[in-house]
Amino acid sequence: GNSVTQMEGPVTLSEEAFLTINCTYTATGYPSLFWYVQYPGEGLQLLLKATKADDKGSNKGFEATYRKETTSFHLEKGSVQVSDSAVYFCALSARQAGTALIFGKGTTLSVSS
Amino acid sequence: NAGVTQTPKFRVLKTGQSMTLLCAQDMNHEYMYWYRQDPGMGLRLIHYSVGEGTTAKGEVPDGYNVSRLKKQNFLLGLESAAPSQTSVYFCASSVTVNSGANVLTFGAGSRLTVL
């Protein structure tokens, strides 16, 4: 079946450090891939998405590239800020209307000044 | 634009009690979902609905029931609460964009504690 594996956290960085959160997936067909972010006490918000191989999703300085050959969708940011402290979830869905997302377990990022 | 609204935000139950969580969306989305979030487990799908009057089981449906009598509402019921159902519950609704991706919008969550 479909599944998502994320690197375990927590990830602790200093402000302006480079961030990578690894995500790999197992899926039949060609899923859509997503990163969601959850700030403390809030629901999940879509951060970025990619719908086909070699697509790059980007938002708020974060980027992730859909790599079909390595079944990966790693999240990166060149310079993190304290306000980026949150839990990050990688997710996939089959490309079919109404299909639910399958989530990884989440990675907690803590950025200190 | 309210998006997805969940009520209540917090609730404490005793084992064996029943309750209903309400999810309402004002985006005219066809699809709705209930997830639970537990430490170290990520989000797991409980039930979902692909349209008014339809529901289906997700990954962890046992102990829960759902109803979608109106397009904008999706109710999650616990008939006899158990401590294992202590969790944070998230409702989401979705629309399929031109690329074929199904983008979910989440509510703020409902924290349930069962004693």
Side-chain angles (χ1 to χ4, degrees), chain A residues 1-10 21 23 25 27 29-57 59 64 66 73 86-108, chain B residues 2-7 9-10 23 25 29-52 54-61 66 68 71 74 88-111:
Chain A
N2 296 345
S3 65
V4 175
T5 303
Q6 288 181 237
M7 65 183 287
E8 294 189 12
I21 300 177
C23 171
Y25 67 89
Y30 302 93
S32 296
L33 301 174
F34 305 82
W35 278 100
Y36 277 77
V37 58
Q38 183 181 31
Y39 298 104
E42 299 183 9
L44 280 72
Q45 304 173 24
L46 177 66
L47 181 59
L48 53 85
K49 69 181 188 299
T51 59
K52 61 182 186 295
D54 300 324
D55 264 3
K56 177 184 284 188
N59 186 24
Y66 189 141
F73 193 54
V87 182
Y88 292 82
F89 292 92
C90 185
L92 69 80
S93 76
R95 298 187 64 200
Q96 180 179 342
T99 306
L101 293 184
I102 296 171
F103 287 89
K105 293 185 177 181
T107 302
T108 300
Chain B
V4 178
T5 303
Q6 294 182 227
T7 53
K9 289 184 168 46
F10 302 94
C23 176
Q25 53 98 0
H29 285 175
E30 199 67 34
Y31 316 113
M32 297 186 74
Y33 316 84
W34 277 106
Y35 286 88
R36 60 177 289 174
Q37 182 180 28
D38 302 291
M41 300 295 291
L43 278 80
R44 293 179 292 171
L45 183 66
I46 305 172
H47 285 280
Y48 64 100
S49 169
V50 298
E52 182 178 322
T54 70
T55 63
K57 294 180 180 180
E59 179 186 358
V60 289
V66 288
R68 183 101 182 266
K71 185 177 183 179
F74 194 30
V88 180
Y89 292 86
F90 287 98
C91 177
S93 66
S94 76
V95 63
T96 301
V97 298
N98 290 340
S99 62
N102 200 37
V103 177
L104 272 63
T105 300
F106 282 84
S110 298
R111 182 176 294 275

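The chains referred to below are lettered A, B, ... by the order of the sequence lines, with proteins before strands, and numbering in each begins at 1.
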Asker: Can you check side-chain contact (heavy atoms from CB on, under 4.5 Å) on B:Y33 and A:L101, steps first, answer last?
Answerer: CA-CA 10 Å; B:Y33 316 84; A:L101 293 184; over 6 Å; no
Asker: Just checking A:K52: does its NZ atom have more than 12 heavy atoms from other residues, nucleotides or ligands closer to it than 6.0 angstrom?
Answerer: no
Asker: How long is the straight-line distance from CG of B:N102 back to OG1 of A:T51, given to the nearest 0.5 Å?
Answerer: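 It comes to 12.5 Å.
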Asker: Output the distance between atom CD (A:Q38) and atom CZ (B:F90), rounded to the nearest 0.5 Å.
Answerer: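 The distance works out to 4.5 Å.
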Asker: Taking side chain as C-beta onward, heavy atoms only, is B:L43 less than 4.5 Å from A:L44?
Answerer: yes
Asker: Does atom CD of A:Q45 have more than 12 heavy-atom neighbours, drawn from other residues, nucleotides or ligands, at distances under 6.0 Å?
Answerer: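 More than 12 heavy atoms, drawn from other residues, nucleotides or ligands, come within 6.0 Å of this atom.
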Asker: Distance-only, no hydrogens or angles: does the B:Y31 side chain make a donor-acceptor pair with backbone N or O of A:A100 under 3.5 Å?
Answerer: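 Not at all, since once roles are kept as given, no pair shorter than 3.5 Å links the two residues.
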Asker: Do A:L46 and B:V103 have side chains that approach each other closer than 4.5 Å (heavy atoms only, starting at C-beta)?
Answerer: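 Sidechains of B:V103 and A:L46: in contact.
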Asker: Measure B:Q37 against the heavy atoms of chain A and call it side chain, backbone, both or neither at under 4.5 Å.
Answerer: side chain
Asker: Below 4.5 Å from any heavy atom of chain A, which atoms of B:L45 appear? Answer side chain, backbone, both or neither.
Answerer: side chain
Asker: Would the number of heavy atoms belonging to other residues, nucleotides or ligands and lying under 6.0 Å from OH of A:Y39 be above 12?
Answerer: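 Yes, OH of A:Y39 has more than 12 neighbouring heavy atoms, counting only those of other groups under 6.0 Å.
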Asker: Any chance you could lay out the side-chain contact (heavy atoms from CB on, under 4.5 Å) test for B:M41 and A:F103, step after step, and finish with the verdict?
Answerer: CA-CA 9 Å; B:M41 300 295 291; A:F103 287 89; over 6 Å; no
Asker: Does atom CZ of B:R44 have more than 12 heavy-atom neighbours from other groups under 6.0 Å away?
Answerer: yes
